[in-house]
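In what follows, a structure is listed as structure tokens, so that the remarks can point back to it.
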Amino acid sequence: MKLKELLHAIPVLQVFGSLDVEVEAIAFDSRQVQHGTLFVAVKGVHTDGHLYVAKVIENNAAVLVVEELPEDINEEVTYIQVSDSAYALGIIAGNFYGNPSQDLKLVGVTGTNGKTTVATLLFNLFNQLGYHVGLLSTVENRIGSAIIPATHTTPDPVALNKLLRQMVDDGCDYCFMEVSSHAVIQQRIVGLRFAGGIFTNITHDHLDFHGTFDNYIKAKKKFFDDLDGYAFALTNVDDRNGNIMLQNTFAHRKSYGLQNMADFKAKVLESHFDGMLLQIDSHDLWVKLVGGFNAYNLLAVYASAILLEQETSKVLVALSEISGAEGRFETVRSKNGVIGIVDYAHTPDAVENVLETIKDLRTAGQQIITVLGCGGDRDKTKRPEMAKVALKYSDKLIITSDNPRTEEPFQIIKEMEAGVSPEKKKNTFSIADR
């Protein structure tokens, strides 16, 4: 593709060199540069792409997109100067792959908890309704039945547009994707056209990246601010920050909730370990998921399907048949009656939602033994809170390791133990080897 075509809709400050260069690939990682590559120098969290300009020229990069021009200009390379290279990367990636988000209906799901479940349920629901569907999630990426391993909640702009192009070429009608707050701030979704955006909730998380809870809220809100009038913006009105998400959006504003007045309403009528009876907009249905938090997830899915103009009766039937995401309140039963529940809960609020549901469902004499860990190189302030919440609902707590990354596992455990009160210590065990 010619360089001048890739620069469509990008505010360029200066150009040095020819715009008739043929671009064969796009990269923002210097290690991926080869002959004919357009390299975008992005200022990231851990490094600055501008430091690798000399290296990518050695590797025969054809074009450099930079915020800062180098002192020595190589006449065999075209330089494009922009004010924001991360923004430019998103637009260039979209142009390179033919802006695939315009050729299917793309729905983004954002929030602290529930993103994976809602996106996966929507994928399963629309599969059940007979559509060819794509999924971009923390657990896995899907193009119909094909599974592509996921490395990030939201991929980088190049990988993202490449996956969307594969979905379009494969005939996908819809794609449902998780939109992380990191992705919004790092401009990974720039240039994408969304048919809808869903807000699940927002609680304590990612303060290591955002600095303050207010910044975290603003990151989530920016996703909705950037939606256009073509899209819908669906929010959870029972979350105290739910309506904030819709304040400045151009999208069609819709709401869902179990407690407050909303466009879409639900109520939990019965709850068991193998499912629950829900009432959604006056319709009763049995579903395979459990817990009040899943009632919100299912209601968000139902509302999104209706906003995507699906037939109500078919949606309700399909909802009663589908299962949730792997590792999200996943139940395993042993022959002697012990029930094991696996859940990805990684915030104090998520831990509370899961354990409160289990406590409400358990029978007399059943104990709750919780095995809990906190990931390394992530928000440290939530570690004691997660242990404290777990002990609130558990008879015994085993604190263990959970992907420590570059941190020392025993230090993470020690920080979790700070949330254990003296009277609860006798019910708490720390075992680093998970």
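Quantities reported herein were computed from a predicted structural model and do not represent experimental measurements.
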Tell me whether the rings of His272 and Trp286 are parallel (<30°), tilted (30 to 60°) or perpendicular (>60°). tilted

Is there a side-chain contact between Glu67 and Asp84, using heavy atoms and a 4.5 Å cut-off? yes

So which pairs with a foot in residues 254-266 pass side-chain hydrogen bond (donor to acceptor under 3.5 Å, both in side chains), sequence neighbours left out? Asp238-Asn260, Ser255-Asp263

Once the angle between the rings of Phe194 and Phe223 is folded into 0 to 90°, is it parallel (under 30°), tilted (30 to 60°) or perpendicular (over 60°)? perpendicular

If a pair satisfies ring-ring contact (aromatic ring centres under 6.0 Å, His included) and one of its residues is in residues 80-114, list it, with sequence neighbours excluded. none

If you compare all heavy atoms of Val290 against all heavy atoms of Ser271, which two are closest, and at what distance to 0.1 Å? CG1-OG, 4.1 Å

Short question: side chain of Asp173, backbone of Tyr131 - any donor-acceptor pair under 3.5 Å? no

How close do Ala300 and Leu234 get, counting heavy atoms only, and between which atoms? O-CD2, 3.6 Å

Would you call the rings of Phe176 and Tyr174 parallel, tilted or perpendicular if under 30° counts as parallel and over 60° as perpendicular? parallel

Give a yes-or-no answer on whether the side chains of Thr116 and Ser137 include a donor-acceptor pair shorter than 3.5 Å. no

Given side chains that start at C-beta, do those of Asn243 and Gln247 come closer than 4.5 Å, heavy atoms only? no

For Asp343 and Arg328, what are the C-alpha separation, side-chain angles and deciding distance, and is it a salt bridge (charged side-chain N to carboxylate O under 4.0 Å, His left out)? CA-CA 5 Å; Asp343 195 89; Arg328 270 62 175 178; over 6 Å; no

For Leu192 and Ile189, run side chain to side chain contact (heavy atoms under 4.5 Å, CB included): C-alpha distance rounded to whole Å, both residues' side-chain angles, the deciding distance at 0.1 Å, then the answer. CA-CA 6 Å; Leu192 298 184; Ile189 58 171; 4.0 Å; yes

Assess whether side chain to side chain contact (heavy atoms under 4.5 Å, CB included) is satisfied between Val118 and Tyr296, documenting all intermediate values. CA-CA 9 Å; Val118 171; Tyr296 280 103; over 6 Å; no

Which of parallel (below 30°), tilted (30 to 60°) and perpendicular (above 60°) describes Phe264 and Tyr302? perpendicular

Can Lys162 and Asp156 be counted as an ion pair, charged N to O under 4.0 angstrom? no

Are the aromatic ring centres of Tyr52 and His50 under 6.0 angstrom apart? no

Can you give me the closest heavy-atom contact between Glu178 and Ala119, atom names plus distance? CG-CB, 4.2 Å

Salt bridge check, Glu140 against Arg142: does any charged N sit closer than 4.0 Å to a carboxylate O? yes

How close do Ala195 and Tyr230 get, counting heavy atoms only, and between which atoms? CA-CE2, 3.7 Å

Find out whether Thr212 and Asn215 are in side-chain contact, i.e. whether some heavy atom of one side chain is under 4.5 Å from a heavy atom of the other. yes

